[in-house]
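Keep in mind that the numbers below use all heavy atoms, side chains included, and drop hydrogens, waters and symmetry copies. Chain letters run A, B, ... following the sequence lines, proteins first, then strands; residues in each count from 1.
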Amino acid sequence: MKIVYQNIHLANSHTLAVYEANGGYQSVLKAIELGSDEVIEEVKRSGIRGRGGAGFPAGLKWSFIPKNDPRPKYLTCNADEGEPGTCKDRDILRYDPHRLIEGMIICGYAVGIQQGYIYIRGEFYREAERLQAAIDDAYAKGYLGENVMGKGVRFHLAIHRGGGAYVCGEETGLIESIEGKKGQPRLKPPFPANIGLYGCPTVINNVETLASIPTIIERGGAWYGALGVAKSSGTKIFSVSGHVNKPGNYEVELGMPLKTLLEEHAGGVRGGWSNLKGVIPGGSSSPILSAEVCATITMDYDSLAKAGTMLGSGAVIVLDKSVCIVRAVARLSRFYRHESCGQCTPCREGTGWLSQIMTRMEAGQGTLEDIDLLLDICANIGGKTICALGDAAAGPVLGSIRAFREEFIYHVEHGRCMAG
Amino acid sequence: MNERSTLSTGVTPRFSEESLQQIQEIFKRYPADRRQSAVMPILHLAQREFGGWLSRESLDYVAELVGMPPIRVYEVATFYTMYNLKPVGRYHIQACTNISCWLCGSDQVMDALKRKLKIAAGQTTEDKRFTLAEVECLGACVNAPMMQINDDYYENLTTDKVVEIIDRLP
């Protein structure tokens, strides 16, 4: 079942002509026919949860925007795809940008927003060019502007390119960045639904979430809600990378067994299922699952949460038995140290300590006490910072020690990896 | 966190007329009383026009155009790693070594780049043609390993392929 990726295999799928020929922008008309309240109800009925990482129900998020508020309202699309392992939004941006634009127009109409911004990571230069061309075409054809499709609806859209900071994928860091500041996240509450961009009510949704909206309006929230499993409705794009025979972005119904995703879509684990060491199921911040858990787990929000990890951005990173788990964690810890914005002491200092300890352990100079020290540092970061980057840094360390403690011990005792 | 500081050249650059017009268009994307929002796009533009990096004077010039205190512009420029605060070569090669690329052989790719260019990560060749950087995830993980050269991504790399790519650059 393809929803977001339904057109990306067509020739010139990024063009307005191909999008229109396949029913493009008709959901805007349907949305206006339904009326704004009913659009929000449809999105609520669909049960779609945020596809960027946090998994918050999108319809509920829209309904939090205050009505009859004199301030302007804003829609910001998070296209700052930066969670290591994640590259699903990039294919929407470069192969079907109009689907995103249509989703944003519908959201704008439903919530009463007249200005949208797409915050795209700065490195996606070519993707931003293609997106800008699509926006220009949409303006020229009257899908965007002062009078959307002649229906008396006003919606403007602009791109804001990032500058290479992972933390701007955090919604309030993103807002700060659009305001022309360092992307340091804000304390919440107040939430962006009330005080967001320029101090005004703001909706922030991921690219994949917004690109799902045209189909939800076209087919109905109930139809979409019947896909997937309870509390994890619809389809999700998984970026499967690492040690599989066919890495790629795969859109499947939520609730699919991880083993099916890997074997039937991603070509199987390199060297066969028995060669699997573990899977990081939802981007680098999500704790790793051991091969044993991977054999039975299903890919939905609740199952993964129950297993002590998360669906996150849907980046499935596959590690086979050749991987030194200590080295993998050391690499990720270096990343979080680099990306900590520095405003909260537990994260700024903690990510540095995690990286230092992991690096020395990897070099064969760790001690058994270091393992407990790592856990202690994680406990002192988790929940003690303004944003989730601190927890994200702790995730790979905690998860790896939980699933592969004996490898950490081996690495310390022998000064090298068990995997050789 | 990275330590990043600004570098002075003693020369104040000026945007072309065309870029100045483009800057007026950039301001229009944001509410009239929110000119500071334009600082990032204008810094991107400045970097492209002023030789691939931003000197202290470039930052001061952007501050003046936007109407921001220079310190606020320094904050932005030093926070975001895409703003180069020292000169880079004509080809800025950024190789990802984060988890997905690492699993697919980015260490070997990085070694091949170092051997080919005869420089370490973070360095620029003497002829100022190449700067090599090791970077964090660039979001092309299913086509790992990958690198970015200026505006373009190069994916599914091998040690042979990177040498070919470098040789083919004009």
Side-chain angles (χ1 to χ4, degrees), chain A residues 72 81-90 115 117 121-126 129 156 158-166 168 177-184 198 239-243 247-249 280 284 315 317-320 323 327-328 331-332 335 337-342 348 351-352, chain B residues 1-2 25-26 28-31 33-45 47-48 66 68 72-84 94 96-104 106-107 134-146 148 150-153 155-156:
Chain A
E81 186 158 62
E83 175 79 3
T86 318
C87 54
K88 66 189 175 68
D89 295 335
R90 180 180 176 222
Q115 175 69 54
Y117 293 102
R121 66 174 300 171
E123 295 89 343
F124 282 176
Y125 187 79
R126 299 297 176 202
E129 280 184 332
H156 289 278
I159 293 176
H160 188 94
R161 287 178 60 224
Y166 169 72
C168 289
S177 188
I178 297 181
E179 291 186 0
K181 304 174 197 161
K182 292 183 288 181
Q184 293 188 320
Y198 307 130
S239 301
V240 185
S241 69
H243 295 152
N249 286 316
I280 301 170
S284 64
I317 306 164
V318 179
L319 287 67
D320 76 9
V323 177
R327 181 125 192 249
R331 180 64 189 86
L332 288 177
F335 164 73
R337 177 191 205 171
H338 181 261
E339 298 299 340
S340 174
C341 82
R348 182 185 64 243
T351 54
Chain B
M1 284 273 286
N2 273 0
E25 293 303 309
I26 291 171
K28 285 183 195 159
R29 290 180 206 158
Y30 308 100
D33 58 344
R34 300 289 177 173
R35 287 170 64 90
Q36 187 175 336
S37 281
V39 69
M40 288 184 68
I42 294 174
L43 285 173
H44 280 305
L45 191 65
Q47 180 158 294
R48 296 182 88 78
V66 181
M68 280 168 78
R72 296 283 170 242
V73 179
Y74 304 162
E75 279 184 355
V76 170
T78 56
F79 186 83
Y80 297 96
T81 52
M82 280 180 70
Y83 299 123
N84 300 317
Q94 306 188 77
C96 173
T97 60
N98 207 310
I99 184 91
S100 300
C101 283
W102 173 67
L103 289 171
C104 296
S106 62
D107 284 355
E134 181 179 356
V135 297
E136 297 297 352
C137 186
L138 294 178
C141 318
V142 303
N143 300 322
M146 65 79 66
Q148 180 165 22
N150 297 349
D151 296 330
D152 292 298
Y153 278 22
E155 301 168 57
N156 297 308

K.L.:
Go through B:Leu103, B:Asn143, B:Asp152 and name the one with the most non-hydrogen pairs under 4.5 angstrom from chain A.
P.N.:
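Among B:Leu103, B:Asn143, B:Asp152, the one with the most close pairs to chain A is B:Leu103.
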K.L.:
Against chain A, work out which of B:Gln94, B:Arg34, B:Arg35, B:Gln148 has the most heavy-atom pairs shorter than 4.5 Å and name it.
P.N.:
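The answer is B:Arg34.
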K.L.:
Between A:Gly248, A:Ser239, A:Ala165, which residue shows the highest count of heavy-atom pairs closer than 4.5 Å to chain B?
P.N.:
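Option with the greatest count: A:Gly248.
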K.L.:
Of all heavy-atom pairs between B:Tyr80 and A:Gly183, which one has the smallest distance, and what is that distance?
P.N.:
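Shortest heavy-atom contact: OH-N, 3.1 Å.
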K.L.:
Can you say whether B:Val135 sits under 4.5 Å from chain A via the side chain, the backbone, both, or neither, judging by heavy atoms?
P.N.:
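Interface part for B:Val135: backbone (N, CA, C, O).
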K.L.:
Given that the side chain runs from C-beta out, which part of A:Val240 has a heavy atom under 4.5 Å from chain B: side chain, backbone, both or neither?
P.N.:
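When you check distances to chain B, only backbone atoms of A:Val240 fall under 4.5 Å.
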K.L.:
If you tally heavy-atom pairs under 4.5 Å against chain B, which of A:Pro72, A:Gly180, A:Gly352 wins?
P.N.:
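Heavy-atom pair counts peak at A:Gly180.
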K.L.:
Please state whether the side chain, the backbone, both or neither of B:Glu75 comes within less than 4.5 Å of a heavy atom of chain A.
P.N.:
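For B:Glu75, the contact with chain A is made by backbone and side chain together.
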K.L.:
Once you round to the nearest 0.5 Å, how far does CD1 of B:Ile26 lie from NE2 of A:His160?
P.N.:
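Rounded to the nearest 0.5 Å, the CD1-NE2 separation comes out at 10.5 Å.
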K.L.:
Closer than 4.0 angstrom, basic N to acidic O: yes or no for B:Glu155 and A:Arg90?
P.N.:
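Yes, charged N to carboxylate O under 4.0 Å.
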K.L.:
Checking heavy atoms, do the side chain of B:Arg29, its backbone, both or neither come under 4.5 Å from chain A?
P.N.:
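Both parts, backbone and side chain.
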K.L.:
With chain A, which of B:Arg72, B:Met68, B:Met82 has the greatest number of heavy-atom pairs at distances under 4.5 Å?
P.N.:
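Most heavy-atom pairs within the cutoff with chain A belong to B:Met82.
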K.L.:
So does B:Gln36 get a backbone contact from the side chain of A:Glu179, meaning a donor-acceptor N/O pair under 3.5 Å?
P.N.:
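Between the backbone of B:Gln36 and the side chain of A:Glu179 there is no qualifying donor-acceptor contact (under 3.5 Å).
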K.L.:
Verify, without hydrogens or angle tests, whether B:Ser100 (side chain) and A:Gly242 (backbone) share a donor-acceptor contact under 3.5 angstrom.
P.N.:
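Absent.
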K.L.:
Measure the spacing between CH2 of B:Trp102 and CG of A:Leu332 and express it to the nearest 0.5 Å.
P.N.:
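Between atom CH2 of B:Trp102 and atom CG of A:Leu332 there are 8.5 Å.
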K.L.:
Given a strict heavy-atom distance threshold of 4.5 Å, which part of B:Val39 is in contact with chain A: side chain, backbone, both, or neither?
P.N.:
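For B:Val39, the contact with chain A is made by the side chain alone.
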K.L.:
Which atom names give the shortest non-hydrogen contact between B:Cys141 and A:Ser241, and what distance separates them?
P.N.:
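Distance-wise, the nearest heavy atoms are O-CB, 3.3 Å.
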K.L.:
Using modelled atom types and a 3.5 Å cut-off, is there a donor and acceptor pairing between side-chain atoms of A:His338 and backbone atoms of B:Glu136?
P.N.:
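It does not hold such a pair.
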K.L.:
Can any side-chain N or O of A:Arg331 pair as donor or acceptor with the backbone N or O of B:Thr97 at less than 3.5 Å?
P.N.:
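Side chain of A:Arg331 to backbone of B:Thr97: a pair is present.
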K.L.:
Is B:Ala140 in contact with chain A via its backbone, its side chain, both, or neither, using a 4.5 Å heavy-atom distance?
P.N.:
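For B:Ala140, heavy atoms of backbone and side chain both lie under 4.5 Å from chain A.
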K.L.:
How many angstroms lie between atom CD1 of B:Ile99 and atom CD of A:Glu83, to the nearest 0.5 angstrom?
P.N.:
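Reported value, rounded in 0.5 Å steps: 11.5 Å.
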K.L.:
Quick check for you: to the nearest 0.5 Å, what is the distance between A:Arg161 atom CZ and B:Leu45 atom CG?
P.N.:
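Atom-to-atom, A:Arg161:CZ and B:Leu45:CG are 10.0 Å apart.
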K.L.:
What residue in A:Ala158, A:Ser177, A:Cys168 has the most heavy-atom pairs under 4.5 Å with chain B?
P.N.:
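Looking at each of A:Ala158, A:Ser177, A:Cys168 in turn, A:Ser177 comes out on top.
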K.L.:
Name the region of A:Glu129, side chain, backbone, both or neither, that has any atom closer than 4.5 Å to a heavy atom of chain B.
P.N.:
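The answer is neither part of A:Glu129.
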K.L.:
Pick whichever of A:Asn249, A:Asp89, A:Ile280 has the most heavy-atom pairs under 4.5 Å with chain B.
P.N.:
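Looking at each of A:Asn249, A:Asp89, A:Ile280 in turn, A:Asn249 comes out on top.
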K.L.:
Counting only heavy atoms closer than 4.5 Å, note whether A:Tyr117 contacts chain B via side chain, backbone, both or neither.
P.N.:
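Only the side chain of A:Tyr117 comes within 4.5 Å of chain B.
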K.L.:
Distance-only, no hydrogens or angles: does the B:His44 side chain make a donor-acceptor pair with backbone N or O of A:Gly163 under 3.5 Å?
P.N.:
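No; zero donor-acceptor contacts below 3.5 Å.
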K.L.:
Identify which part of B:Tyr30 has an atom lying under 4.5 Å from any heavy atom of chain A, answering side chain, backbone, both or neither.
P.N.:
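For B:Tyr30, heavy atoms of backbone and side chain both lie under 4.5 Å from chain A.
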K.L.:
Would you mind checking which part of A:Thr86 comes under 4.5 Å of any heavy atom in chain B, side chain (CB onward), backbone (N, CA, C, O), both or neither?
P.N.:
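For A:Thr86, the contact with chain B is made by the backbone alone.
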K.L.:
Taking all atoms of both residues into account, what is the closest heavy-atom pair of B:Cys137 and A:Gly85, and its distance?
P.N.:
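Minimum heavy-atom contact is SG-N, 3.9 Å.
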K.L.:
A:Glu81, A:Arg121, A:Gln115: which one forms the most heavy-atom pairs within less than 4.5 Å of chain B?
P.N.:
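Max contact count across the listed options: A:Arg121.
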K.L.:
Atom CZ of B:Arg48 and atom OH of A:Tyr125: how far apart are they, to the nearest 0.5 Å?
P.N.:
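One gets 3.5 Å once the value is rounded to the nearest 0.5 Å.
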K.L.:
Nearest 0.5 Å, what's the SG-CZ distance between A:Cys341 and B:Phe79?
P.N.:
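Reported to 0.5 Å precision, the distance equals 5.5 Å.
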K.L.:
Relative to chain B, which segment of A:Arg327 carries a heavy atom at a distance below 4.5 Å: side chain, backbone, both, or neither?
P.N.:
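Contact with chain B involves both backbone and side-chain atoms of A:Arg327.
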K.L.:
Looking only at atom types and distance, does a side-chain atom of B:Ser37 sit under 3.5 Å from a main-chain N or O of A:Ile178, one as donor and one as acceptor?
P.N.:
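Yes.
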